[in-house]
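Reviewing the structure listed below.
Source: prediction; values computed, not measured. Here is the naming used below: chain letters follow the sequence lines, and residue numbers restart at 1 for every chain. For the numbers below, each heavy atom of this structure counts, side chains included, while hydrogens, waters and symmetry mates do not.
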Number of protein chains: 2
Amino acid sequence: MSEQKISEAIHTLKHAGVRITPQRHAILEHLIQSMSHPTADEIYKALEGKFPNMSVATVYNNLRMFKEVGLVKELTYGDASSRFDCVTTEHYHVICDLCGKIVDFHYPGLDEVESLAESVTGFKIARHRMEIYGVCPDCQTKH
Amino acid sequence: MSEQKISEAIHTLKHAGVRITPQRHAILEHLIQSMSHPTADEIYKALEGKFPNMSVATVYNNLRMFKEVGLVKELTYGDASSRFDCVTTEHYHVICDLCGKIVDFHYPGLDEVESLAESVTGFKIARHRMEIYGVCPDCQTKH
DNA sequence: TATTACTTTATAATCGTTACAATTAGTTTA
DNA sequence: TAAACTAATTGTAACGATTATAAAGTAATA
Ligand SMILES: [Mn+2]
Ligand SMILES: [Mn+2]
Ligand SMILES: [Zn+2]
Ligand SMILES: [Zn+2]
């Protein structure tokens, strides 16, 4: 289960010459075990019981670090906070307009879109992002 | 040309019971004639010669208004400012990773992605967003 | 142990955006 | 037309997420 993933991640960090501090370990563990897409502040609040003195800057610092070594991806949205995803394999997200729930959505990739964009615009395309919006099953039943 | 579009937009506004103030007209005109995707601040700066006393709040207020009546769409990005697009027909954007240039990209729409997402997740899908990232022709030649 | 580099912490600063209250301008009513 | 009402603009304060900075703590190394 997630034990496996945590120790892999720690190995990656050690290999990158990064110290495994208690705070760092806890942030990583929370990210992996939560199975969700938490914001920096959600992580901060989730850990304040265990680390009453941890600074919110520590959460941000470490999330940036994790991004740099490829352990997490940042999902950015307009006004709201960024969310962080430790599933770094290619996938999309379906987001509920009402409650904000984010669900992973695996899809074959849109290579043809990229190659068409490349030929039409002359850009050298590197990647794309896509999110799909709607109303989740829970919110549908709640009227 | 854009004259046509401006008068159509003004008609829409009047129909919505909105006064056409000089500031409002200028913001609208700039949006339509610029043929680009300006930020609120870019609009503000572009008009400060003509309206030295205009408040930045006026730009934001009117952009929100335009959005509400469907004249413009807001493109939101992570950290950076929102950009505003007065082409409200369905299209995508190709964005340069180096200079930030935004180019329209028309593509048949991804209805199959939406319907697959709907069946897989149980969401009632309403829409999606997609952006494609790469390096623009200009930035490619500048090495 | 002394030195060094890394990490955390606390807090100030930044930036885009919005809220608010006062003022101005336009519209309707008497 | 004048008064009353409504909409819009302005200037500025506030907000919220994130980053910068400097001081203090901790681990690694010599
Ligand atoms: Mn995900
Ligand atoms: Mn566009
Ligand atoms: Zn929902
Ligand atoms: Zn470019």
Specify the separation, in whole Å, of atom CD of A/Glu48 and atom P of C/dT8. 18 Å

Does OP1 or OP2 of C/dC6 have a side-chain N or O of A/Arg24 closer than 4.0 Å? no

B/Phe84 has an atom CZ; how far is it from atom P of C/dG16, in whole Å? 13 Å

Could you walk me through whether A/Lys45 and A/Asp41 pass the salt bridge (charged side-chain N to carboxylate O under 4.0 Å, His left out) check? CA-CA 6 Å; A/Lys45 287 199 165 54; A/Asp41 200 59; 2.7 Å; yes

Report yes if the side chains of B/Ile43 and B/Leu63 come closer than 4.5 Å at any heavy-atom pair, otherwise no. yes

Can A/Val94 be reached from A/Leu75 by stepping across I, L, V, M, F, W or Y side chains whose heavy atoms are under 4.5 Å apart? no

Sorted by chain and number, sequence neighbours left out, salt bridge (charged side-chain N to carboxylate O under 4.0 Å, His left out) with B/Lys124 holds for B/Glu118

Per-nucleotide protein contact along nucleotides 21-29 of chain C, 5' to 3', at a 4.0 Å heavy-atom cut-off (B base, S sugar-phosphate only, - neither), is -----BS--

Could you tell me whether the side chain of B/Gln33 reaches within less than 4.5 Å of the side chain of B/Ile6, counting heavy atoms only? yes

Can you find a pair of side-chain heavy atoms, one from A/Met35 and one from A/Val87, that are under 4.5 Å apart? no

Taking the inter-plane angle between the rings of B/His93 and B/His37 on a 0 to 90° scale, is it parallel (under 30°), tilted (30 to 60°) or perpendicular (over 60°)? perpendicular

How sharply is the helix from C/dT1-D/dA30 to C/dA30-D/dT1 bent, taking the axes over five pairs at either end and rounding to 10 degrees? 10°

Hey, does B/Phe84 have a side-chain heavy atom less than 4.5 Å from the side chain of B/Thr39? no

Taking only the side-chain nitrogens and oxygens of A/Thr21, find out if one of them lies under 4.0 Å from OP1 or OP2 of C/dT8. yes

Sorted by number, the residues of residues 57-68 of chain A with heavy-atom contact under 4.0 Å to DNA chain C: A/Ala57, A/Thr58, A/Asn61, A/Asn62

Treating Ile, Leu, Val, Met, Phe, Trp and Tyr as nodes and any side-chain heavy-atom pair under 4.5 angstrom as an edge, say whether B/Tyr133 and A/Leu110 lie in one connected cluster. no

Can you run down the side-chain hydrogen bond (donor to acceptor under 3.5 Å, both in side chains) pairs that involve residues 8-23 of chain A, sequence neighbours left out, and say none if there aren't any? A/Gln4-A/Glu8

Under a 3.5 Å cutoff, is there a donor and acceptor pairing between the side chains of A/His128 and B/Glu131? no

When you list every nucleotide of DNA chain D with an atom under 4.0 Å from a heavy atom of chain A, which one comes first 5' to 3', and which comes last? D/dA17 to D/dA27

Do B/Ile95 and A/Leu116 land in one hydrophobic cluster if side-chain heavy atoms of ILVMFWY residues count as linked below 4.5 Å? no

In whole angstroms, how far is the P atom of C/dT17 from the OH atom of B/Tyr77? 12 Å

Pairwise 5' ranking along DNA chain D for B/Val56 and A/Thr39, keeping only the more 5' one: B/Val56

Find out whether B/Phe105 and B/Ile132 are in side-chain contact, i.e. whether some heavy atom of one side chain is under 4.5 Å from a heavy atom of the other. yes

